[in-house]
Protein chains: 2
Amino acid sequence: MDTTESNSSSHAKELCGKEFIGKPISYLYRYEQIYIGKKLEPYGIGSGQFPFLMRLYSEDGINQESLSDYLKIDKGTTARAIQKLVDENYVFRQRDERDRRSYRIFLSEKAKKLEPDMKKIASEWEDILFSSFDDSQRKEITNSLEIMFENVLKIM
Amino acid sequence: MDTTESNSSSHAKELCGKEFIGKPISYLYRYEQIYIGKKLEPYGIGSGQFPFLMRLYSEDGINQESLSDYLKIDKGTTARAIQKLVDENYVFRQRDERDRRSYRIFLSEKAKKLEPDMKKIASEWEDILFSSFDDSQRKEITNSLEIMFENVLKIM
DNA sequence: AGGCAATAGTTGCATTAACAACTATATTGG
DNA sequence: CCAATATAGTTGTTAATGCAACTATTGCCT
């Protein structure tokens, strides 16, 4: 990969010798979708529902707004993902009597039984990503990614 | 792919107390799409065309298969992205006379003039991601992400 | 030469996701 | 209390993307 790039700004210069960081991030996202999607096939759901399910394992009974806020996913996308989870009997909605605009989302028994399966899928994906790193590097990288996440949050 | 019980369950435990690595990766990908998409609006193209344009700045005249291979993006997606770039006069196709199945993709003068603009968009995004890191950490993180990319490549 | 597998590209279809406009409920300020 | 505003959720539209089926060309093998 020997490329000669013209660098007409100080910023462009940084990009010259190496990859754009967007490339591995895009790749890791897209292939996680494929990997998780395949693993979820036997369960009748898709990769788009996975983050919501994982979030509910941590905090059952929260509403769609909270899910959207936490995952930073559009509330329309959240509405449709939850609908699919309802259709497949992974969660059910319950009107919040304190605020009748919102629904609280609860895991079904079926979903609760599958929690170990779901967490195993997540951790196996992590094991692939980190297969060449030791636990200390793993922590370091995870931490760096979360800081980058915060850096973007600050300006969005 | 290693899916042994001991390995994954020990890591599944780690998943309990902290974030799934997929969360920041997904976020960084989705918000890059939004950020780049907005920056590209004045140019009449979308975030989906950006990686192809960037790749062509490094290696002009390659074919769609090479673009797909390098970016690890489906060839159907590549076909449609290149079509949009053709429609907006950023690139043109030229039949490869040595292999008439393929087209070589070349940057137009318009695209060449905009190379500094495009690289500036890319590097400004990187500056946001890395805003709390020094150059050495930046290199370290970039390198780690590329290794994770390779780790996934190995098994896909 | 003829046939068959591989390669390059296109297109239909499905999923994920953002954005915007909309409904319904809640809250706040006169 | 009512009007204006804010919040929770839904839905239509669009873009990016992967997969699979298809066409066309190439190259290999007997």
Taken to the nearest whole Å, CZ/A/Phe50 to P/C/dA17 is 13 Å
Checklist entry - Hey, is the side chain of B/Gln83 poking within less than 4.0 Å of OP1 or OP2 on C/dG9, counting only N and O atoms? => result no
### Message
When you measure only distances, ignoring hydrogens and angles, does the side chain of B/Arg101 come within 3.5 Å of the base of C/dT7 through a donor and an acceptor?
### Response
yes
Check every strand shown and say whether B/Arg93 touches a base, only sugar-phosphate, or nothing at a heavy-atom separation below 4.0 Å. sugar-phosphate
To the nearest angstrom, the CD1-P distance between B/Ile34 and C/dA20 comes to 11 Å
From CZ of A/Arg95 across to P of C/dA24 the rounded distance in Å is 11 Å
Any Lys/Arg nitrogen of A/Arg98 or A/Asp96 sitting under 4.0 Å from an Asp/Glu carboxylate oxygen of the other? no
Here the distance between atom P of D/dA15 and atom CD1 of B/Ile36, to the nearest Å, is 18 Å
To the nearest angstrom, the CG-P distance between B/Leu40 and D/dA15 comes to 14 Å
Cluster link A/Tyr31 to A/Phe133, ILVMFWY, side chain under 4.5 Å: yes
Here the distance between atom C1' of C/dT15 and atom NZ of A/Lys39, to the nearest Å, is 20 Å
> Does NZ or CZ of A/Arg93 fall inside the cone over A/Phe106's six-membered ring, less than 6.0 Å from its centre and within 45° of the axis?
Replying inline: no
Counting any heavy atom closer than 4.0 Å, what does A/Gln33 reach on the DNA or RNA strands: base, sugar-phosphate only, or nothing?
sugar-phosphate
B/Glu97 CD to D/dT26 C1', in whole Å, measures 14 Å
>> A cation-pi test, strictly: NZ or CZ of A/Arg55 under 6.0 Å from the centre of the six-membered ring of A/Tyr70 and no more than 45 degrees from its axis. Yes or no?
In response: yes
Closest of D/dA8, C/dC19, D/dA16 to the B/Tyr29 side chain is D/dA16
What one should report as the nearest heavy-atom pair of B/Phe130 and A/Ile21 is CZ-CD1, 3.9 Å
Rounding to 0.5 Å, atoms CE (A/Met118) and CG (A/Leu56) come to a distance of 12.5 Å
query = Is the cationic atom of B/Arg30 (NZ for Lys, CZ for Arg) positioned less than 6.0 Å from the six-membered ring centroid of A/Tyr29 and within 45 degrees of its normal?
reply = no
What residues 63-81 of chain A contributes to the DNA chain D interface at heavy-atom separation below 4.0 Å is A/Asn63, A/Gln64, A/Glu65, A/Lys75, A/Gly76, A/Ala79, A/Arg80
To the nearest angstrom, the CZ-P distance between A/Phe52 and C/dT16 comes to 10 Å
